[in-house]
Amino acid sequence: MREHTKISLYSLNSLSAMDDKKRKRRNICSRMLDQWRYFKFCLRSLTYNSFNDRWMAFDTCMEPLFWLVGVVSKYMGPLMVVLVILLTSVVISVFYLCILPRCLENEDHVQTIFHLTFGHWLLVNIAFHYYKGVTTPPGYPPQIVSETGVASICKKCIAPKPPRTHHCSICNKCILKMDHHCPWVNNCIGHYNHRYFMLFCIYMWIGTLYVCISAWPLFRQEFFDPKKTFDSLMAGSLFLTFLHSYQASLKNSTSLQSGYVSSLTTAESTYHKAIVFQFIICFSVLIALGLLTFWHARLVSRGETSIEKYTNDSERARLKKVNVVYKSPYNFGVLENWRKLFGLYGGRTFWRHVLLPSSHGPEHDGTQWNAQITPGFLPKSLP
Ligand SMILES: [Zn+2]
Ligand SMILES: [Zn+2]
């Protein structure tokens, strides 16, 4: 009997010890779970912001990549400007030396006057608008912004942002009506230099089209002549010259030939290369710049910037589901949008202030914008 009681007591003790272990394990698990919940709560409380959304999280994750792009653009910017100036200078020189004399060869005075006036009008406009696009600051928000002019707070500058203002990570500044950071002008395109940028693109595109049309007869004559193209290539290729010398030396080891003997003189070969280079470079720019200019012209016509396009597109898609046609709040109609961009107010005219160089500023300081709300617009519900 005593033995039996001893066994039962032992088994009871062992059972309670097992329960204790389980309880302890459960306590540890629940404590760890509590700690995890507490950590998550702390993290969320530290990073909570009513503007937080998945784009904000994406932006934060992409921060190192943006930083890298920013650094590269910052140091590549001046080189890109030098490249644009160099290429434009080469194209202008070839045009003056090779193409214009051929255009003026005929006795047609109307053609001569056209080439001299139209060509120089384009040249002046391209040079002026590029210079102004590079040197004109895009516009920065003032230190003190009136309450009505504040749309949000910049998380980088910790400063109020007027409507349409965005932070440029390359310039590390907030830019009024920011469109984009352009490496070709090493500047941000914003409220004060958007007009110069657009006009530079338009004039440059017309310029490349004009050069392509003027150079086409010469290009056809030079490029589609197989003898000239081959001779010019051979004369210019060090590798082919070396290969030819080597082959010649194998045939007659006692006398080394100097290389391929071109039928073209040095002047003819240089002329050939200049015409081919001129046409190819202008044609490439014509296509690439044409697409870029068309894209920006479409944005201007719709009253939105490159940055606003993305937010407007998502709003457009969201409201389409409830049969509401969304319109950019800054879209005042195609003509009015272009008039605003060109700053044609107070007696300014298209003939004087768009077709000829003009350094007038925009209509207002870029801190206050009259937004138009789309009829039936449904604002997003707050998170
Ligand atoms: Zn900022
Ligand atoms: Zn910038």
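These values consider heavy atoms only, across backbone and side chains, with no hydrogens, waters or symmetry-generated copies.
- With respect to the salt-bridge test (charged N to carboxylate O, under 4.0 angstrom), the residues Asp34 and Arg31 do not qualify.
- Rounding to the nearest 0.5 Å places CG of Asn331 at 11.5 Å from CG of Leu299.
- Considering all non-hydrogen atoms of both residues, Ile175 and Gly190 come closest at CG2-CA, 4.1 Å.
- The stretch residues 176-201 participates, sequence neighbours left out, in no salt bridge (Lys or Arg N to Asp or Glu O under 4.0 Å) pair at all.
- Asp365 contributes atom CG, which lies 6.5 Å from atom NE2 of His191 (distance to the nearest 0.5 angstrom).
- Residue His129 forms a ring pair (Phe, Tyr, Trp, His ring centres under 6.0 Å) with just one option from Phe197, Tyr203, Phe200, Trp205, and that option is Tyr203.
- Of all non-hydrogen atoms in Arg316 and Ser328, the two that sit nearest each other are NH2-N, 4.3 Å.
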Stepwise salt bridge (charged side-chain N to carboxylate O under 4.0 Å, His left out) test for Arg102 and Glu222
CA-CA 14 Å; Arg102 288 291 289 267; Glu222 295 290 323; over 6 Å; no
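- By the 4.5 Å heavy-atom criterion applied to side chains, Tyr271 and Leu218 are counted as neighbours.
- Between Phe342 and Trp338, the two ring planes are tilted [angle within 30° to 60°].
- For the pair Arg164 and His166, the tightest heavy-atom approach, listed with the atom from each and the gap, is O-CD2, 3.5 Å.
- Cation-pi geometry between Arg348 and Tyr345 is met: the NZ or CZ atom falls under 6.0 Å from the ring centre, inside 45° of the normal.
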